[in-house]
Asker: 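Here you go, one structure.
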Amino acid sequence: MLFFLFLGNAIAQQKVEVTGVVTDVSNEPLIGVNITVSDLPGFGTITDIDGRYKISVDDNRKLIFSYIGFETVEVLVGTKRQINVTMNEATTQLMDELVVTGTGTQRKLTVTGAVTSVDVEELKSAPTSSIVNTLAGRVPGIMAMQTSGHPGKNFSEFWIRGISTFGANTSAYVLVDGFERDLNEINIEDIESFSVLKDASATAIYGAKGANGVILISTKHGKPGKINIDAKVETSYNTRTITPEFVDGFTYASLINEARVTRNNEPIYQQEELEILRLGLDPDLYPNVDWKDKLLRDGAMSYRANVNLSGGGATARYFASASYIEEQGMYYTDETLREDYNTNANYKRYNYRLNTDINITETTLLKLGVSGSLQKRNSPGLGDDYVWDQLFGYSPIRTPIFYSNGYVPAIGTGNQTNPWVSSTQTGFNQNWENNIQTNITIEQDFRDYLPGLRFVGKFGYDTNNTSNVLRRKWPEQWRAERARNTAGDIVFTKVSDPREMFQESSSGGNRREFLDLMLSYSKTLSDDHNLGADVKYTQDAFIYTVNLGDDIKNGIARRNQALAGRATYNWKYRYFFDFNFGYTGSENFAIGHQYGFFPAYSVAWNIAEESFVRNNASWLNMFKIRYSHGQVGNDNLGNEHRFPYLYTISGGAPGYQWAEYGNTKSYGGMYYSQVASPYVSWEIATKNDLGTDISMFHDSFQLTLDYFDEKREGIYMARNFLPLIAGLESTPRANVGSVRSRGFDGHFSYNYKVGEVNLTARGNMTYSKNEVMEKDEENNVYPYQMEEGYRVGQTKGLISLGLFEDYEDIRNSPEQHFGTYQPGDIKYKDVNGDGVINDGDRVAIGSTRRPNLIYGMGFTAQWKGIDVNVHFQGAGKSNFFIYGKTVYAFSEGEWGNVLKDLVTDDRWISADISGDPATENPNAPYPRLSFGGNGNNFRESTYWLRDGSYVRLKTVDIGYSLPKQLVNRVRMNNVRIFMVGTNLLTWSPFKLWDPEMANSRGEDYPMTKSITLGLSVNL
Amino acid sequence: MKKIYLIFLTIVVVGMISSCTDYLESDQYFKDRMTLDKVFTSEEYTEEWLAHSFSFLGGYNMDVASKHNTPHTFADDMYYGDRDETLDIKERGQLSYSRFKLGEYNENEKQGGWGDSYKGIRNASVFIQNIDQNEIFSAEKRADYKAQARFVRAYYYWLLLRKYGPIPILPEEGIDYTKDYDEIAIPRSSYEECADYISREMLLAAKDLPLYRDEQAVARPTRGAALAARAKVLLYAASPLANGNSDEIAQELVDDEGRKLLSTDYNEEKWARAAAAARDVMEMGIYELYVANFRTSGNASFPATITPPYHSEFSEQDWPNGWANIDPFESYRAVFNGTLRASENPELIFTRGQNQGGESIQSMVAHQLPRIGSGWNTHGMTQKQADAYYMNDGDDAPGKDKEIGRGDGSERASGYVTREDMDAGRYKPLTEGVSLQYAHREPRFYASVGYNGSIWHLTNEEEERNREQKVFYYRGDGNGYTNTMFWLRTGIGIKKFVHPRDSYLRNEMGRIVPKAEPAIRYADILLMYAEALNELDGSFTIPSWDGSQSYTITRDISEMQRGVRPVRLRSGVPDYTTDIYGNKEDFRKALKRERQIELMGEGKRYYDLRRWKDAPVEEALPIYGCNVLMNAAQRDLFHTPVPVWSFPTTFSKKMWFWPIQHSELKRNSRLTQNPGWTYND
């Protein structure tokens, strides 16, 4: 039938042969320019090495010349038989920039919601395995923090416009090619567009899934033309930003003694023992091991390689890519085991993607996409966490690495294993994860019937599987007694028998199914009235396929169904009106409570299009003010709360024995083991957004600024504070909480040209502050102890007034109820004035662990082939308490290293020990030492509260593109050599470990600082 | 082309519609789950729901129990010496008797009873609302079961009212937990409202409850249980604490709107209603006090009857008009010590049967038994309680309460039983070496008091030589003062509940005879009847519980005797003199003493002292006991009562009612705390 269609058309026209040359402005021939014929997909040619082409075509058709990086040229054939074309390099105007939204792409000019379109090129310079790590400080509206540098686990957490609920789910809804998929495993090079939808008008169509914002990613598709090959290889050397520093053995032993003596206990080490230790005379009993040196390399390598091919003709196009990432761990491994297996914290990932587009008819397009990834993560046999636990816990004087007789020392098993043994001699664990994602899209243009009507149908199917294999073993381990026997020999106690390698395994898996159908229509009436409408139906299911357990609920798919729509209207691109809605349902709720309607509207006024502006301020290219208001939901209640509307009745509760002694007539108890929560539903966010987009001076200065005000209501919570008179034996759940969050986000960029140097400056900032309006909590007598009225995750604690100066000071201060205390211990403020210090004096101090402010600044300079890109990133309004065995020195006795900071900075030392009254400094940053914990000092207070704000030089990217003439000679388009530095400098008031981790204990794989060398080639 | 589009569109539309319908349906997975309907249409499940509703009567809600969950079995009569941090650091955080007596417990201790009661109330309410759909049960059985649930629900309220004072009474269907906290905040009802509610509910339950339960169902409530519980509630509501109380406690015990929860206006009719309610139980005619037959011969554990001194009126006549044919000692002892099975006990009105848990009466006995019987030797009796018992002729013991300023000028008896005395058969059942202070006491004394030198039979001991032990509490004796927790602070033990066979050898609870818990006993009802009548000045006509008759309730001495006399005669002590019956004050005093004696160790006195408003005096009096620091050679000094140094006493307003825990006050914004207690920590 298609054939007849073409045939029918062909007969009517006259076929002619056209030839020509395509060149650029400097008259250089352009190779591989794509030439198509209007309305005839599947018909076309490309220019040869001299820029020449030849094509047979009907004389009433247009030839369309397109080439990446150049403006498309259309020429009507008519009577011409030779058509030479000069193509201009493309300079896209901001107004024509396309933005991907929930219902397709639209011009930036027409966007009325808060949508940020991310320039993916900008993200590529960061050599990271996950795109998420690049978002903080680059994308306005995204707040992120990376809490670990652990390969394969070093993915940032991120939130769109911060956290606006204390419910189970604060994460954005991420859609890749229209379907919910994991952002961390996608290969950056495959991304065509990346949009962040922030306000209600942009997200309302996602209904009960959009409340936390939406991220839309579409992957690349092939373009007609000759094959285009991109390849990129990078090699990085990673070191650590900040690694905590601990004191050496002698200092450690001296400090232990101080901690003991200052609290009137006998010292652990005698003077002679300290001497032996200092001089290193007895490494068996008085070792001094720098475990950090033994466990951690200075740095580790990582590699990334990527190649993609794209091209095709008018009837079919393809994009194929493959990539490989390897991040090596920083642990030392046992060289002798190297051939056998790896105990390092390595991470590897392979990605592939194939996107094929086929024009079935002139108006029907079929897209097939297949992609997948395979990830492997390695760790030492006892697990990664032990390495850090031990590094922080195992002091230099605990045991040597080996006793001189070859015995393997250890204090105990588990985390008390010898750290070197634990990280290299206990086998290895492997975690595998693989994903296969499939999607099929049919796009049908109904222009023959109703111009402007289009249909898009998508079907997708993903599977995900994980498997963990733990292969563990350990050697025979011994502990030496502190004293030798009378013969002078070391007395050993066996800590563990050897265990040969054994295996444990676990696995997980899930499947997702998607269906997405959309009908859209757009029309322009008399050039002034632009109308558009979309209707969309989606359904999806998420099913666990492995380890379902015995609860029927676990095997039931998590299903959603939605009908969404959108209507837009604008008049002369000046006044814009949008209405969006989502009518979405979830299987998780009771019938009658399954569906919710989420409407939103937005309006915008493009002042720059008004004649009074056009005439008077023509330098103003765009000045748009937009406002949106609407509702979105959040139906993710966390994994364990399936079907909260159901009750569970169980037996097995206490029963009653009705018979008298000597007889039996008893019944077990039957009861509601879980009461129903019938009305439970999703959270509802009511969002307001007022924003402006400004562009001026030929788009060289651009600014977007948004103010947002959101109220999240009906936050799903366990009703933990029902009075006992309710008589419940289980906890019901309800939508009770409410949080308001407000803030702003924005960015600007400025291009400037000095001679041949192109300069760009960029900046962006996101600030979000929330306040709990309502929460399930009991009535506290002191209102400041409620969560209501404070931020979600507000840090609370006592207010420290420094250290007690002397006993006089203690006598004159309110009594502190946390255990005994002496001069040099922390003195707290009696907030409620009741004359005693207890938990009633805990108040809000500082902000939250997660930063409330994220910002970034960047500069790019380009001169001929050289480009330099510098990016700073920072966070503010973040506070966290530090604690744990290293911060609270000797709080776990001899388990726990001591931070060097304790010695190099200042601590309170009794004059009896130091012999100097000046060391009794009431303002010292560390209190009087103690051994085995100190209830008074070691509690959350301003004393241990730290400011987590920081600014860091996130990336410096210097590249050199080889001259075109040179490159073209070897049939290449572009060759760039680059060097990237990441996290090179950090400024922060917090210095013990990386401030971005905001980790209270510091016991995690540090953030990496890296230097990367790379080469990218385009053929 | 058009066709293609049409087909395509049709497929799409049909696809959309077909996938639309039922896509979110999950019911098919849940059809076969357990539902409430299934519970109440199944006999087994219905029984299980009821069983669970009753299960909260154990633990913290026991009426008679050892001290761990609810120390209220202990007051000025009994004490426990263990759980004392000052003697053993391992006991840190435990509520010792001295902390208990000093009110040193806090708002968050021993609070299980509150939540457990309301859990029971909710489960019972669900049962009441759903049982009617059970068609497997006959209509009669359905009514019975519904009434059982109604009984237990009301009984939980009663337990709460007695301990915490006025409490929130919930709506019939319970609290709707889906509502806002503010909406479900419920204030405390007044004492009167609570009592009226419980009384009404008990009446409803009584209608459908049967009169008797067989041995397979002794723990199920009967009509008598419902009526007796109702009588108790009404008596409490008539008592001075809740009736015409204008003291500080009544001024301060208010709800969230300042309404006083204890009636400040005295209403005499409340006494009349209480009396009528007790009479309802008596008129049922199915309860009587247990009596054991007169025994002419016996052995050590079950001795021949010791005949009370001759009384012209009672010695000649057979029970119930006298004691000629009964053994008073065994009559009283057998009611408690497990000799009588619950189903054989004619005076047992309500019992938890076997559902006593870890703090059972057996456990109490394990703490009463002397060290020689492997007992913990920590539960003992105060001098005041020991003095309360009458002499066998109905007189006061010489020197009674002398040390606490209540003596009549007489001195305590001196001297000891000698070998000669024994040979001559004097002072039975005392044996050689026992102080004559313990001679010639009423039978209930010998059934209840482990006086110095009394015989503990311990026949469940494996070794013959460990049985029939005479136990002295002199210092240096195995059972006297030591440097542990396990000695009797007063040198006076407790025999009530102890069966001659009982022993705790190797901590085996199985060696202690199981004992039916006397939650409500007929003797209690009888004494309540007399007590209530005594308070009347006027005459009241009160209908019986079922309206079938009406009682004229006045202070009629013959009616009061109906209550007192059986209790006295069963125990071989003469009835009160007409002088006592004639004088309201004297009678009240005698009646209170009767309850103190008769109901010792049954969890009644702690609450009686409070409802009578006697607690400020009685609970604050110093506790006296024998001088346990004395050894056998200093036995005269041993028997000279001294204050027990480790048991300081006091009474303050916070001790009227148990505190309400802080978290509950924070969660129920309309709830008010009992006077003297705080709202938060």
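Below, chain A is the first sequence line, B the second, and so on; all start at residue 1.
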Asker: Using non-hydrogen atoms only, which part of B:Ile121 is less than 4.5 Å away from chain A: side chain, backbone, both, or neither?
Answerer: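 Neither part; nothing is under 4.5 Å.
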Asker: Sub-3.5 Å donor-acceptor pair from the side chain of B:Arg33 to the main-chain atoms of A:Ile649, do we have one?
Answerer: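 No, B:Arg33 side chain to A:Ile649 backbone: no donor-acceptor pair under 3.5 Å.
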Asker: Tell me, for B:Lys38 versus chain A, whether the close heavy atoms (under 4.5 Å) come from the side chain, the backbone, both or neither.
Answerer: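 Nothing of B:Lys38, per the 4.5 Å heavy-atom cut-off to chain A.
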Asker: Below 4.5 Å from any heavy atom of chain B, which atoms of A:Ala734 appear? Answer side chain, backbone, both or neither.
Answerer: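 When you check distances to chain B, no heavy atom of A:Ala734 falls under 4.5 Å.
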Asker: Under a 3.5 Å distance rule, please check whether A:Gln657 uses its side chain to pair with a backbone N or O of B:Gly353 as donor and acceptor.
Answerer: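 No.
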Asker: Relative to chain A, which segment of B:Thr35 carries a heavy atom at a distance below 4.5 Å: side chain, backbone, both, or neither?
Answerer: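 Both backbone and side chain of B:Thr35 come within 4.5 Å of chain A.
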Asker: Do the numbers put A:Arg719 on top of the ring of B:Tyr181, so that NZ or CZ is under 6.0 Å from the six-membered ring centre and no more than 45° off the axis?
Answerer: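 Cation-pi check for A:Arg719 and B:Tyr181: passes.
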Asker: Please state whether the side chain, the backbone, both or neither of A:Ala557 comes within less than 4.5 Å of a heavy atom of chain B.
Answerer: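 Contact with chain B involves no heavy atom of A:Ala557 at all.
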Asker: What's the shortest heavy-atom distance between B:Val39 and A:Met670, and which atoms?
Answerer: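 The pair with the smallest heavy-atom distance is CG2-SD, 3.8 Å.
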Asker: Would you mind checking which part of B:Ser117 comes under 4.5 Å of any heavy atom in chain A, side chain (CB onward), backbone (N, CA, C, O), both or neither?
Answerer: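 When you check distances to chain A, no heavy atom of B:Ser117 falls under 4.5 Å.
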Asker: In terms of relative ring orientation, are B:Phe30 and A:Tyr645 parallel, tilted or perpendicular, with 30° and 60° separating the classes?
Answerer: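 It falls in the perpendicular class, over 60°.
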Asker: Which bit of B:Leu160 comes within less than 4.5 Å of chain A, counting heavy atoms only: side chain, backbone, both or neither?
Answerer: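 Neither the backbone nor the side chain of B:Leu160 comes within 4.5 Å of chain A.
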Asker: Around atom NZ of A:Lys665, are there more than 12 heavy atoms from other residues, nucleotides or ligands closer than 6.0 Å?
Answerer: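 Check fails, neighbour count at 12 or below.
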Asker: Do the ring planes of B:Phe54 and A:Tyr656 sit parallel (below 30°), tilted (30 to 60°) or perpendicular (above 60°)?
Answerer: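 If you compare the ring of B:Phe54 with that of A:Tyr656, the planes turn out tilted.
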Asker: Quick one: what part of B:Trp49 sits under 4.5 Å from any heavy atom of chain A, side chain, backbone, both or neither?
Answerer: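 Looking at B:Trp49, backbone and side chain both touch chain A.
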Asker: For B:Gln28, is it the side chain, the backbone, both or neither that has a heavy atom under 4.5 Å from a heavy atom of chain A?
Answerer: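 Neither part.
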Asker: Find out whether B:Met34 and A:Thr648 are in side-chain contact, i.e. whether some heavy atom of one side chain is under 4.5 Å from a heavy atom of the other.
Answerer: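 They are not in side-chain contact.
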Asker: State whether A:Glu778 and B:Arg667 are salt-bridged, where the test is any N-O pair (Lys NZ or Arg NE/NH1/NH2 against Asp/Glu carboxylate O) under 4.0 Å.
Answerer: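 Yes, charged N to carboxylate O under 4.0 Å.
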Asker: Can a side-chain donor-acceptor contact be found between A:Asn663 and B:Gln354 if the only test is distance below 3.5 angstrom?
Answerer: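 No, no side-chain donor-acceptor pair sits under 3.5 Å.
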